[in-house]
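Structure record follows, encoded as structure tokens.
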Amino acid sequence: MTVLSQPLTAWFAERGWAPRRHQTDMLAVARDGRHGLLVATTGAGKTLAGFLPTLVDLIEHPSEGLHTLYVSPLKALATDVQRNLLTPIAEMGLDIRVETRTGDTPSDRKARQRIRPPQILLTTPESLSLLLSYPDSFTMFETLRTIVVDEVHAVATGKRGDLLSLCMARLQAIAPALRRVALSATVADADGYRAWLAPDGDIDQVALVHGEPGAAPNIAIVLPQGKVPWAGHSGRYAAEQVMAEIAAHRTTIVFCNTRSLAELIFQDLWKVNAESLPIGVHHGSLSLEARRKVEGAMADGKLRALVATSSLDLGVDWGDVDCVIQMGAPKGSSRLLQRIGRSNHRLDEPSQALIVPGNRFEYLEGRAALDAVEAGELDPDIFRPGALDVLAQHVMACACAAPFSQAAMLDELRSALPYSALTEATFDQVLGFIRDGGYALKAYDKFKRLTQGPDGLWRVSHPQFVTQHRLNAGIIVEATMLTVRFKNGRSLGKVEEGFAATLSPGDTFFFAGLSLEVIATSTEDLLVRATAKPARIPTYGGARMPISTNLANRVRGFLADSTAWHRFPDDVREWLEMQERRSILPSPGQLLVETFPREGRNYMVAYSFEGWNAHQSLGMLITRRMETLGLKPMGFVASDYAFACHSLEPVTDPRALFSADILEDEFVEWVEGSSLLKRAFREVAVIGGLVERQHPGKRKTGKQVTFSTDLIYDVLRKYEPGHLLLRAAWDDARARMTDVGRLGHLLDRAAATMVHVDLDRVSPLAVPVLTLIGRERVAQGHADDALLIEAEALAGEAMRLD
């Protein structure tokens, strides 16, 4: 306690607490002037450990001006941390101001914060980038002593991490003594994060502090009252069981993998909520008012359950949460640990969690996740070079703040690890792109954003481009959204324009836990009224989370090791035993491909466990190749575990379909001819600032943005195929949209490891993926019943011994 200042010592003592070892270790790291990475379990007091050095410094050396910047991946987390930080500051009577700055902050407060900032400012990567685009950023940040990046694993390896690393490089140039701190509970590659955090990637500058291990979590898998389903991925069958768990606990968070599923599960739970327990729903598309209302109700202990998406994965500390339920498969052990950590946010008590698998493969995935958590195995962290569209956006932000020298800017950019290998030639391209759009677009004034003066400095060509940048900056490019409003103007949140386009007056849909009837639509609003009519669920086009490689490897291991089957429910064990008798179960190194006829069609199912994105891409490529070979393909479906093609002619030699040259020939042709590359180009064009989403006073519709980017895309493909943004779009299409890394891994081993089994009918292992074909054929509204019949019919065939 001797290292703490007196007010802090007294505050701990009054509560009968003592600082934990890792908290004092972080204080020692700060006193040594070093950067620090803290890896500690949820509930171990990570956030306090990050702020303790700031509180000590401000107590010992009171000062005005911005002292500490806290960066959170979520607005909700920044708000929650502010609430939890203000309490001890008030109780100690300290004269320290703490404020948040996110997209939700009123504009008058934003303006005041730039002139008279608080000592501690809580923000997000995007809001920080915007702050750095103002000329007064140099005076605002010159007093900055510390930046704390919370939940660093959620940003560092993606485009938001690229932006944040560039922002830190700029802050370090403004305040050379700046100390960097990062916090996380789920870091597999600590050295990777130390390098990402450090100036110039020098990991020796970053001290690694490990927290004490907490109590092991208590996780169970919910099994249905009947059999584990053959089909589905949501666990909706368990609504009554989930409601019983809610009734048995103080407060429960029910996590869903998508916003659509969150709305659906909320409705399912409400139907079986016989005791009318207060439950809510929370996801990123709800309005600020709706999110704040439900967050406040949770913080005050007024809700018994909250159905949520990844909008609440991270850090939010509601002490009364004593149970977490994951609907459907968790997709990764790190994600599961994050979600489990929302329960019993205390180090010495085990977190309580339940997994509700959607089908039999998801049962195996849930069991794999439990084993991975028990073994301390986290999902791999994959760092990659920084994205060029993000770089262009950041350079434009810097130009909005002040003219810059090309050589000095290049040095600054290279001090951020993702851009440490940035060449002069590539940087010239980036500047050329911002200067005039590039060779094919330079005739248009609207793209001439930068000018190099006689003094050699680069500056913004016209003030309108500064306004345009600040209106359109950001890394998350969602589909264009329409605001859902009542007649009185009250906003409930947003739905995607594509979904809204399917609605007409009189149609109904569930949103924010309500059944809503459409009154009218405009380019910006969807006018609604509450109704009691049955309704559909909005769909969102967000990225799908594929199963992580470590969970996929564990599921493969289960299939090959029958000694582990005694741990499984009887129907799952019988499913695997029947597969072993009728076909084979692949060993971890094998690629099983089954072929069989059914109802006049021929099916091929490949069990590769490389995730939905890779299987979706491979399905497209394989069916193209089948077409060339005259096999008359009719379509394909993909899951995380397998993909299935159906055709009029049988596949007799699958090896010819899976050869590795498919990535050299058909892959490039397919991506260039599909909408994938255009979609990727739309995103990088918006991030890179080539196409604006918003003008002062009005917003472009999604159709207008798509039309603009499609036109530019076609021009560049024809006249400048090496354009910077086309390169960036290709990088996105390969890495994110098609998961080409896992696809390549699968194809590299296919020829040598393939085992082809030709069957006379569907196999037990094929039933879950084949029911996806049924899902595509069934009309909306009758889907669940029809799928159940389809799955049972398939299962009956598959599980017969004769």
Side-chain angles (χ1 to χ4, degrees), residues 223-238 328-329 357-365 555 558-559 568-586 592-609 612 615-616 619 622-623 633-651 654 756-802:
L223 295 175
Q225 282 129 357
K227 292 184 174 182
V228 179
W230 288 97
H233 62 278
S234 62
R236 292 182 64 194
Y237 62 84
N359 60 50
R360 296 180 181 207
F361 269 122
E362 285 202 350
Y363 171 82
L364 296 179
E365 184 183 330
V555 172
F558 285 155
L559 296 184
F568 304 160
D570 290 347
D571 48 335
V572 173
R573 190 173 64 252
E574 287 163 11
W575 170 55
L576 297 179
E577 288 170 349
M578 187 60 77
Q579 172 69 19
E580 196 172 40
R581 293 168 77 171
R582 288 213 40 239
S583 177
I584 68 162
L585 285 160
L592 171 61
V593 176
E594 293 179 330
T595 51
F596 49 84
R598 186 172 192 268
E599 295 182 349
R601 299 180 184 184
N602 293 281
Y603 289 83
M604 177 183 73
V605 185
Y607 305 92
S608 39
F609 298 91
W612 184 85
H615 292 162
Q616 190 76 5
I622 295 282
T623 47
M634 301 173 70
F636 75 94
V637 287
S639 72
D640 269 333
Y641 319 103
F643 73 93
C645 303
H646 48 293
S647 57
L648 293 178
E649 301 295 330
V651 174
H756 175 207
V757 180
D758 191 34
L759 300 166
D760 61 353
R761 66 178 190 275
V762 60
S763 74
L765 215 57
V767 173
V769 71
L770 253 62
T771 56
L772 296 176
I773 298 173
R775 182 183 303 166
E776 290 185 343
R777 292 203 305 263
V778 176
Q780 190 170 1
H782 305 288
D784 287 346
D785 291 342
L787 272 177
L788 205 58
I789 295 164
E790 174 95 8
E792 288 304 323
L794 273 169
E797 285 179 48
M799 297 294 282
R800 275 198 343 258
L801 259 178
D802 57 300

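All values derive from a computational prediction rather than experimental measurement. FYI, the numbering just counts along the sequence from 1.
- In this structure Arg761 satisfies the side chain to side chain donor-acceptor pair (under 3.5 Å) test with no other residue, sequence neighbours excluded.
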With side chain to side chain contact (heavy atoms under 4.5 Å, CB included) as the test, would you mind laying out the steps for Val605 and Phe596 before giving the verdict?
CA-CA 9 Å; Val605 185; Phe596 49 84; 4.0 Å; yes
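- In this view, Tyr607 satisfies the ring-ring contact (aromatic ring centres under 6.0 Å, His included) rule with no residue, not counting sequence neighbours.
- Side chain of Glu594 to backbone of Asp758: no donor-acceptor contact under 3.5 angstrom is found.
- Taking CD of Glu362 as the start and OH of Tyr641 as the end, the distance is 4.5 Å to the nearest 0.5 Å.
- Residue Val769 comes nearest to Phe643 through the heavy atom pair CG2-CA, 4.4 Å, listed as atom of the first residue, atom of the second, then distance.
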request  = Could you give me the CA-CA distance, side-chain angles and deciding distance for Val651 and His756, then say whether side chain to side chain contact (heavy atoms under 4.5 Å, CB included) is met?
outcome  = CA-CA 10 Å; Val651 174; His756 175 207; 6.0 Å; no
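- Considering only residues two or more places apart in sequence or on other chains, Gln616 meets the side-chain contact (heavy atoms from CB on, under 4.5 Å) condition with Trp612, Phe636, Ala638.
- Contact check for Trp575 versus Phe568: no side-chain heavy atoms found under the 4.5 Å cut-off.
- Taking the side chain as every heavy atom from C-beta outward, Pro357 and Glu365 never approach each other to under 4.5 Å.
- We find the CD-CE distance between Gln579 and Met799 to be 9.5 Å, quoted to the nearest 0.5 Å.
- Legend: residues meeting side-chain contact (heavy atoms from CB on, under 4.5 Å) with Asp760, ordered by chain and number and at least two apart, are Arg582.
- Counting heavy atoms from C-beta on, the side chains of Leu770 and Tyr603 come closer than 4.5 Å.
- Using a 4.5 Å heavy-atom threshold, the side chains of Leu223 and Tyr363 count as touching.
- In this structure the side chain of Phe609 reaches within 4.5 angstrom of the side chain of Leu559, judged on heavy atoms.
- By the 4.5 Å heavy-atom criterion applied to side chains, Arg360 and Leu576 are not counted as neighbours.
- In this model, no donor atom of one side chain and acceptor atom of the other lie less than 3.5 Å apart for Ser639 and His615.
- Scanning for side chain to side chain donor-acceptor pair (under 3.5 Å) contacts around Thr623 gives an empty result, with sequence neighbours left out.
- Remark: Arg573 CZ to Asp570 CG distance equals 4.5 Å, nearest 0.5 Å.
- Thr771 OG1 to Leu794 CG: the interatomic distance, rounded to the nearest 0.5 Å, is 7.0 Å.
- Proximity of a side-chain donor or acceptor of His646 to a complementary backbone N or O of Gly635 within less than 3.5 Å is detected.
- Scored by the side-chain contact (heavy atoms from CB on, under 4.5 Å) test, Asn602 finds Pro597, Ser647, Pro650 as partners (sequence neighbours excluded).
- Rounding to the nearest 0.5 Å places CD of Glu577 at 10.0 Å from CG of Leu585.
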